[in-house]
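Labels below follow one simple rule: chain letters A, B, ... track the order of the sequence lines, proteins then strands, and each chain is numbered from 1.
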Amino acid sequence: MSQNNQKPASDNLVISMEGVSKWFGEFQVLKDINLSVRQGERIVICGPSGSGKSTLIRCLNRLEAHQEGTIRVDGIEMHERMKNIDEVRQDIGMVFQHFNLFPHMTVLENCMAGPNWVRGVPKAEAKERAMAMLTRVKIPEQADKYPSQLSGGQQQRVAIARSLCMEPKVMLFDEPTSALDPEMVAEVLDTMVGLAESGMTMICVTHEMGFARKVGDLVVFMDEGKIVERNNPTDFFDNPQSERTKLFLSQILSH
Amino acid sequence: MYADTVIGDKLIRKPRFLLGLLAVAFIAFFTFNMADTIIGEFLRPVIGEPKESGLFGRSAAALVLAILFVGNLFVISLFPIKVQIGIVWLQLLLLFMAFFYSFDLKFSFIQSKIGFMITQGLFTTLYISAVSIMIASVIAIVGAVAKLSNNGVAFAIASFYTSLFRGLPLLMQVFLIYMGLPQIGYVIDAVPAGIIALSLCYGAYMTEIFRAGIQSIPRGQWEASRSQGFKFGLTMRRIILPQAVPLIIPPTGNQFIAMLKDSSLVSVIGVWELMFLARTLGQKEFRHMEMLITAALIYWCLTMVLEVIQSRIEKHYRQKGAR
């Protein structure tokens, strides 16, 4: 909300999707998606499973290829002939449902690898930065352990720290709490709220509606590959427009 | 394997099983007429002249052996499992040694040749195998990456290579390389020819091992690596291979042990390794068995040493993986 919205929208667009469609074989997973994200904005994407929300977020750093429309990240178009995909990806942090930490490396090494190997940050400085980020996600004391020695919630916080060490312009979260035990969800969400408050641009695929309400600037609801509804959290939850949204909300909020 | 947590009655304690076993053993020993052997000599007071004892002598010898066999098993079953394993190993080893001993070996001949067999033969065998397994590993990495790539030419070359070298007998490959290369104008020594044949053949098998190892690393590891901007080579070197190597090492160890024995095939082109020496040293004095048995024991000891080393390495990586 803050100062970012006062700037003109055009010159701080971090992500823009225009008419994006994608097929898996015959099956169309994304249908004419239009979405733009300005710097500092927090977008929450929700929807039933199979609605294409994970595919959408994975198209943003081209882990998946789209077939129609244009996707621009920080002004650079993502397409199959691009030469600088690795440089672009360095600026896009991604947190996965299953953490995907590197199991043969310690927590500290996981966090140092990116800056040291591809950003050219010297080892000592990379270590300093990694410790700072681990402190930020509140687990500096686990730095010398291996991922398998940590709980799910701790692993996911390390994954967030690992992404932050790259100093990304935008962070993508692909169902970051779906694989966690219920009592570990809170610690990860707290970390994400803290990140949001620091002004990070975030796109989160999640079903954590409390989180959406608390930090989201925009909630996007998807179904069958289309964006069915988009609104600010208050209106989205209290006054949903489409029948599909009402049904979805009644099902996930009824318990 | 899963050990049952409920212990049933031991089979060996059941009279019906013991009788059955006794019957089977009796039939087996009866079939091979044991009256002519040393057992018959022992039974001379009972059965008279073994050669003329007929069915009676044959049955008596078989019965005595069958009772000894079953009794032995029964006694062994009374000991704890570790002792059982030790006793059975020892008994089998003694039988094996008795088999060798029955050839009427001349030990002084073995003694005079064993030094050369080890310094020349064993050394050459080890050195050919070690060089070959290293070259094969390099071939295997390249082959595996080629087989996993979406480059048509690379895939075609790699799959043609694995198909060809897994499809031809190793002995034929040895001949083809040693005698085929000179045909196209490149004369090659026996040792390099042997190393090339072993490397190419095992490289083909190991390509599949490496491919499976690389493929078994979850997709998420690739995604986490590539999404941070790590290029393909960096991802392979620093993320995928370090995780795949512990999976690749046990089957590679097996390949090395197999190669050590298959290296005997290069004896046909005159490389002075263990097998070649075993055949040629014995020939001059018609002492074939002495040399073959010596070489056999050297191969066996070597394999046992390597198996121990392999299990150590596996244990090391298991501990690393469990942390």
Side-chain angles (χ1 to χ4, degrees), chain A residues 54 57-64 73 83-107 109-120 144-150 155 158-159 162-168 170-174 179, chain B residues 137 140-141 144-145 148-155 209-253 312-323:
Chain A
S54 277
I57 205 173
R58 288 160 61 86
C59 281
L60 294 179
N61 62 354
R62 218 177 157 76
L63 283 182
E64 302 279 357
V73 176
K83 299 272 184 266
N84 54 347
I85 180 68
D86 294 309
E87 283 77 49
V88 177
R89 280 174 175 164
Q90 289 172 23
D91 289 333
I92 311 172
M94 187 157 198
V95 175
F96 299 86
Q97 183 177 358
H98 296 289
F99 330 135
N100 296 348
L101 293 175
F102 305 131
H104 58 300
M105 292 154 64
T106 63
V107 164
E109 286 165 347
N110 265 279
C111 294
M112 285 168 62
N116 187 229
W117 295 351
V118 297
R119 287 271 205 222
D144 292 323
K145 288 194 179 164
Y146 284 88
S148 59
Q149 295 171 310
L150 306 185
Q155 288 189 49
V158 172
R162 175 175 72 176
S163 286
L164 291 177
C165 283
M166 292 292 281
E167 297 179 336
V170 53
M171 289 276 288
L172 311 176
F173 291 85
D174 187 4
Chain B
S137 302
I141 288 192
V145 172
L148 291 170
S149 80
N150 40 23
N151 180 324
V153 176
F155 179 85
I209 293 174
F210 277 54
R211 184 191 55 75
I214 291 169
Q215 265 185 325
S216 67
I217 303 306
R219 202 185 149 80
Q221 291 291 311
W222 282 99
E223 291 181 349
S225 178
R226 296 310 301 272
S227 72
Q228 282 185 81
F230 297 175
K231 290 188 195 307
F232 175 85
L234 183 66
T235 302
M236 200 66 178
R237 241 177 30 249
R238 307 297 290 265
I239 306 297
I240 303 301
L241 281 182
Q243 296 182 60
V245 162
L247 305 172
I248 289 170
I249 280 187
T252 301
R312 287 265 167 88
I313 295 175
E314 272 178 49
K315 210 169 153 192
H316 171 76
Y317 278 112
R318 250 204 312 279
Q319 281 164 350
K320 250 176 118 176
R323 66 195 172 183

Which atoms of A:Leu101 are under 4.5 Å from chain B, going by heavy atoms: the side chain, the backbone, both sets, or neither?
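Backbone only.
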What residues of residues 234-245 of chain B make heavy-atom contacts with chain A at a cutoff under 4.5 angstrom?
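Only B:Leu234, B:Arg238, B:Ile239, B:Pro242, B:Gln243 of residues 234-245 of chain B have a heavy atom under 4.5 Å from chain A.
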Under 4.5 Å heavy-atom distance to chain B, tell me which part of A:Ala159 shows up: side chain, backbone, both or neither.
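For A:Ala159, no heavy atom lies under 4.5 Å from chain B.
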For A:Arg58, is it the side chain, the backbone, both, or neither that has a heavy atom closer than 4.5 Å to a heavy atom of chain B?
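Only the side chain of A:Arg58 comes within 4.5 Å of chain B.
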Could you tell me which residues in residues 221-232 of chain B have at least one non-hydrogen atom under 4.5 Å from a non-hydrogen atom of chain A, sorted by residue number?
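B:Gln221, B:Glu223, B:Ala224, B:Ser225, B:Arg226, B:Ser227, B:Gln228, B:Gly229, B:Phe230, B:Lys231, listed by number.
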Portion of A:Gln97 that has a non-hydrogen atom of chain B nearer than 4.5 angstrom
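Neither the backbone nor the side chain of A:Gln97 comes within 4.5 Å of chain B.
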Part of A:Phe102 within contact of chain B (heavy atom distance under 4.5 Å)
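Both backbone and side chain.
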